[in-house]
Chemist: 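The structure is given below, and queries will be raised subsequently.
Within every chain, numbering begins at 1; the chains are lettered A, B, ... in the order of the sequence lines, protein sequences first and strands thereafter.
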There are 2 protein chains.
Amino acid sequence: MDDVTTAGPAPDQPLPTRDRLILAAASLFRNKGYSGTGLAELLAEAGAPKGSLYHHFPNGKSDLALAAANWASDQMLQLIDASFTPAPRFQEGAKTVCYKLAKLFDMQGKWSGCPVSATLFEGPENEAFHQHAALLFEGWISATVAHAQRLGLAETEAQAAAENFYILLQGGWQLARVRRDSDVIRALHLQICPPMQLQKND
Amino acid sequence: MDDVTTAGPAPDQPLPTRDRLILAAASLFRNKGYSGTGLAELLAEAGAPKGSLYHHFPNGKSDLALAAANWASDQMLQLIDASFTPAPRFQEGAKTVCYKLAKLFDMQGKWSGCPVSATLFEGPENEAFHQHAALLFEGWISATVAHAQRLGLAETEAQAAAENFYILLQGGWQLARVRRDSDVIRALHLQICPPMQLQKND
DNA sequence: GCATCACTGGACCAATCGGTCTATTGCTGT
DNA sequence: ACAGCAATAGACCGATTGGTCCAGTGATGC
């Protein structure tokens, strides 16, 4: 989620070229989309020549996009684990995820979109991208389901709670981006609760 | 939300060129994004030459994108009114919105993204697009707030319920798109309830 | 010292991008 | 019949796109 290279190409480039490419791609794609980001801009941000890109990623832009999405997804998984592991209950873990994400937005000052969806939602023709995005999203959900079960929820409850959480998170992410207000995400935790209490309302 | 022209350019083109351009743009932009859609493809879908585009929309692609987003937003506003007007309570209206949207997805078979966000989320440099997207989203919310108040909710409750509804809808829209399963949106109505009942959980 | 090889730097390419411009078409009012 | 004008049709443009290719470059093993 943090972007080391965004501040500009470091003079002594502490990161290997491959990593700088991935970081630049992850940052640019989720701000301007996959199609909206040109290779020239991407390479300038990473401080790497075109030859390096096609050396590390033989299939070029699309390979890099997958790698960047994987990297961003791993960052999110780490945030999930860091938030839920010390939590006494599911709700507190979910709340911490919201607050950590909101703080990240405030710190970097940029209202980037969800890195996975921004990178990989590229038309119905790009089936491989869609499948990969689905894989990463379900990875977030199943990681959360595992935490939910560990914290005492039954299997079906855990599944419902995790799905509900990411629906809220994605929707809140979007509204927060529209309003440029991280409090939208922080306020989400008010609505995170086991679904059983809600079903009586239907 | 329905797309008359998507089935291919009609031989006797019953719609005026300007409308065909808007419809084609709305359909393509929300499937492939603004940057991901080329003018050539767009004009082929609309069955119009390039001269017509720049006659009806002097600023070209960006003008057309704004018009297409406006059109799509109006469609959504009509769906909101059609759903909430006959509803006895807020929850039933919200449920109807979900079901109508899910049915639209099933009918057209395409898992398009939200037309406004897909069209107008184009990097932080495109401030005009961002502002316009915010305007349209807030339009949906305020229209829903009006219905909520008409259906008996107090002002703060109505605002919270409407915002919560669109957070769920956007998030559910995205998960439904990932899974290509319209039932995700249909299941959302279980979680739509006034926020007061939830605050006790915090 | 030399061969090897991962890596870099960038020239170069065809294709496509969004946009401009002009000629023409066809309806309208007079 | 003719003027006027909105609309259409598409040739054409420079810029930029993603991608290819090859000549270096520098560290490493021998």
Chemist: Can you name the closest pair of heavy atoms from A/L169 and A/L188 and give their distance?
Modeler: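 Heavy-atom minimum between the residues: CA-CD1, 3.9 Å.
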Chemist: According to a strict under-4.0 Å criterion, is A/T17 in side-chain N/O contact with OP1 or OP2 of C/dC7?
Modeler: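 The answer is no; no side-chain N or O of A/T17 sits under 4.0 Å from OP1 or OP2.
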Chemist: When all nucleic acid strands are considered with a 4.0 Å heavy-atom cut-off, which category describes B/K61: base, sugar-phosphate, or nothing?
Modeler: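 Sugar-phosphate only.
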Chemist: Under the side-chain hydrogen bond (donor to acceptor under 3.5 Å, both in side chains) rule, what do A/D63 and A/H56 come out as? Steps first, then yes or no, please.
Modeler: CA-CA 9 Å; A/D63 263 12; A/H56 295 290; over 6 Å; no
Chemist: Select one nucleotide: of D/dG19, C/dC17, C/dG18, the one nearest the side-chain heavy atoms of A/L39.
Modeler: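 Among the listed nucleotides, the one closest to the side chain of A/L39 is D/dG19.
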Chemist: Taking N and O atoms by type only, does the side chain of A/K50 place a donor or acceptor under 3.5 Å from a partner on the base of C/dG9?
Modeler: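 For A/K50, whose side chain was compared with the base of C/dG9, there is no donor-acceptor pair (under 3.5 Å).
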Chemist: If you check every side-chain atom of A/H56, which of C/dC7, D/dT20, C/dC17 has the closest atom?
Modeler: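 Among the listed nucleotides, the one closest to the side chain of A/H56 is C/dC7.
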Chemist: For A/T37, answer base if it contacts any base atom (sugar-phosphate contacts may also be present), sugar-phosphate if it contacts only those atoms, and nothing otherwise; contact means non-hydrogen atoms under 4.0 Å.
Modeler: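 Sugar-phosphate contact only - A/T37 comes under 4.0 Å of backbone atoms but never of a base.
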Chemist: Could you work out which one of C/dG10, D/dA6, C/dC17 sits closest to the side chain of B/H55?
Modeler: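 Looking only at side-chain atoms, B/H55 lies closest to D/dA6.
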Chemist: Please tell me which of the listed nucleotides, C/dG9, D/dA7, C/dG19, lies nearest to the side chain of A/P49?
Modeler: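 Closest of the options to the side chain of A/P49: C/dG9.
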Chemist: Using only side-chain N and O atoms of A/S52, determine if any of them is under 4.0 Å from OP1 or OP2 of C/dC7.
Modeler: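 Answer is no, no contact under 4.0 Å.
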Chemist: What residues form a ring-ring contact (aromatic ring centres under 6.0 Å, His included) with A/Y166, not counting sequence neighbours?
Modeler: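 A/Y166: no ring-ring contact (aromatic ring centres under 6.0 Å, His included) contacts found.
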Chemist: Quick one: label B/G38 by what it contacts on the DNA or RNA (base, sugar-phosphate, nothing), any heavy atom closer than 4.0 Å.
Modeler: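 The answer is sugar-phosphate, as B/G38 gets under 4.0 Å only of primed atoms, P, OP1 or OP2.
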